[in-house]
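Some notes on the structure that comes next.
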Amino acid sequence: MQIKLDLDTTPFNIDFTLRCGQVFRWQKEFNTWRGIINESLIEITQRHNNLTFDLYPTTKPTVIQRYFRLDDDLPCIIHSINKDSNIGKALTQLQGLRLIRQDPWECVISFICATFANIPRIKSMIYNLCRAFGHRITNKRYTDYLFPSPRKLASASISQLLACNLGYRARYVKAAAEHILKGKICLQHLQSIPYPEAKQELPHIEGVGQKVADCILLFSLDKLNAFPVDRWIHRILVTQYQRFLSTKHVDQRSLTPRRYKELSAFGQSYFGDYAGYAQEYLYAYHLTLPVTTGSPVP
DNA sequence: GGTCAACCTCTAGA
DNA sequence: ATCTAGAGGTTGA
C-alpha cells in the first residue's frame, strides 16, 4: 500500500520523526523502517513524497495517518512556533519532523525507563522488555515482539525485570503496571480531558514525575501544548533564552521542581498552543548540533 | 517550601 | 585496553 503526500501542505520526514527521541522501538534497515503500530508489524519506506508500507496482520491504512499525525497542519504549526532565529534554525534544518501519536501505555513505560539514561540505553531496555515479555509476532521476513501488556509486566518478578537491565527502574515498571492493572488510572480517559487535569493524574504512578508526565502527555495523549524540560532543554533555555527568564533561572545547576514548573510554563506561554512541537524541534536540533554557550537570541 | 545524595549500568570519548 | 563523565529524572531524607 502507499500514500502520496503533498509535501507543501503535508511536510513529512520519517527519519527525523523516528530518530528524534520521542519513540524507541523503530529500526531502520537500508531504507525501510520496521516497527509496530496497533499490534501489527509495519514496514514503511519514504521516497520523497511517497510512503510505501506493509502491515501484518492486515490493518487499515488510516492507522498510518493517525500514528504519524499526518492530519496535523504542520505548516501552520511551524508558522505559529517560529518565534525567533534560534528555533528558526531548528525548523529549517529539521523540515518534516512530526510528533507522533504513540500508545499511551508503551509511552508510560518508555519514559519511566528514560530517566537518567541515554537514547541507545533506552532502546536497549525497551527491546529487552519486549523480547522477554511481549507476544512474539512473525511475518514472512522477520520477527518482532509486541509491547508487553500491563498484566504481563505486573506479574513479572523484579529479578526478571533486572535481567532486562532496567536497574533501579525495575520496581517502577512493576509498580506502574500494577497501578494500571488495578484501574487506579485510565490512560484513555486522560486523552479527552484538558492538559492541567491530566498532568495532575500521571505523577500518581511511581517513577512518573513532572518531566515524564509531560512526555507522556505530548507523545501519546494529544497534549500538544505540553513542554517537557529535560537537561538539554534546560541548557538551551538558560543559554539561548536567558533574556526572557528572570535571573534566578539562569543557573545551570539541577532542575528543581519549582524551576521545572517555571521553565515549562515559560515554554508554553512563549511558543503557544503547539509548544510541544517547539520543544521537540529544539531537542532534536541539539542531537545534531551541540548546544553552544553563545549569545542569546533577540 | 527548598536542597541533596542515591539510584543501575550503559555509552561515548579520553 | 581501561577509565571517567554523563546520560530525555525521581524519590526520600
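Proteins get letters first, then strands, A, B, ... in listed order; numbering begins at 1 in each. This is a predicted model, so every value here is computed, not measured.
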Whole-Å distance, A/Glu262 CD to B/dG2 C1', equals 12 Å

inquiry  = Just checking A/Lys60: does its NZ atom have more than 12 heavy atoms from other residues, nucleotides or ligands closer to it than 6.0 angstrom?
reply    = no

Between CD1 of A/Ile233 and C1' of C/dG9 the distance, given in whole Å, is 15 Å

So the side chain to side chain donor-acceptor pair (under 3.5 Å) pairs with at least one residue in residues 110-136 of chain A (sequence neighbours excluded) are A/Thr115-A/Tyr168, A/Asn128-A/Arg131, A/Arg136-A/Tyr145

Contact check, residues 222-230 of chain A vs DNA chain C, heavy-atom distance under 4.0 Å, returns A/Asp230

Students should find that the hydrophobic cluster of A/Phe53, defined by side-chain heavy atoms under 4.5 Å apart, otherwise consists of A/Met1, A/Ile3, A/Leu5, A/Leu7, A/Phe12, A/Ile14, A/Leu18, A/Val23, A/Trp26, A/Trp33, A/Ile37, A/Ile42, A/Ile44, A/Leu51, A/Leu55, A/Val63, A/Ile64, A/Tyr67, A/Phe68, A/Leu70, A/Ile100

- Query: Does the ring of A/Phe219 carry A/Arg101 above it, NZ/CZ under 6.0 angstrom from centre and within 45° of its axis?
  - Reply: no

task = Identify whether the distance between the nearest side-chain nitrogen and carboxylate oxygen of A/Lys199 and A/Asp214 falls below 4.0 Å.
result = yes

Against the side chain of A/Lys211, the closest entry in B/dG1, C/dG9, B/dT3 is C/dG9

In whole angstroms, the gap separating C1' of C/dG9 from CG of A/Leu202 amounts to 15 Å

When pairs are called at under 3.5 Å and a stem needs at least three consecutive Watson-Crick or G-U pairs, the stems of DNA chain B are B:3-7 with C:9-13, B:9-14 with C:2-7

With ring centroids as reference points, do A/Phe111 and A/Phe24 lie under 6.0 angstrom apart?
-> yes

*With distance as the sole criterion, is a donor-acceptor pair present between the side chains of A/Asp84 and A/Tyr270 under 3.5 Å?*
yes

Regarding the side chain of A/Arg258, the nearest nucleotide among C/dG9, B/dG1, B/dT3 is B/dG1

Item checked: Same-atom distance (P) from B/dT11 to C/dT10, integer angstrom -> 22 Å

What residues 102-113 of chain A contributes to the DNA chain C interface at heavy-atom separation below 4.0 Å is none

Between A/Gln210 and A/Arg231, whichever has its closest DNA chain C nucleotide further toward 5' is A/Arg231

From NZ of A/Lys261 across to C1' of C/dG9 the rounded distance in Å is 17 Å

From CZ of A/Arg235 across to P of C/dG9 the rounded distance in Å is 9 Å

Short N-O contact, A/Asp222 and A/Arg69, less than 4.0 angstrom = yes

Notebook entry, point to check: Take atom CZ in A/Arg141; do more than 12 heavy atoms of anything else shown fall under 6.0 Å from it?
Noted result: yes

Side-chain atoms of A/Trp232 come closest, of C/dA7, B/dT3, C/dG9, to C/dA7

Can A/Arg98 and A/Glu280 be counted as an ion pair, charged N to O under 4.0 angstrom?
no

Its contact letters, B for base, S for sugar-phosphate only and - for none at protein heavy atoms under 4.0 Å, make nucleotides 7-14 of chain B read BBBSS---

Taking the P atom in each of B/dA6 and C/dA5, what is the distance between them to the nearest angstrom? 16 Å

Heavy-atom neighbours of A/Glu39 CD exceed 12 at 6.0 Å: no

A/Tyr260 OH to C/dT11 P, in whole Å, measures 13 Å

So, does A/Lys174 use its side chain to make a donor-acceptor pair with the main chain of A/Ala154 at under 3.5 Å?
yes

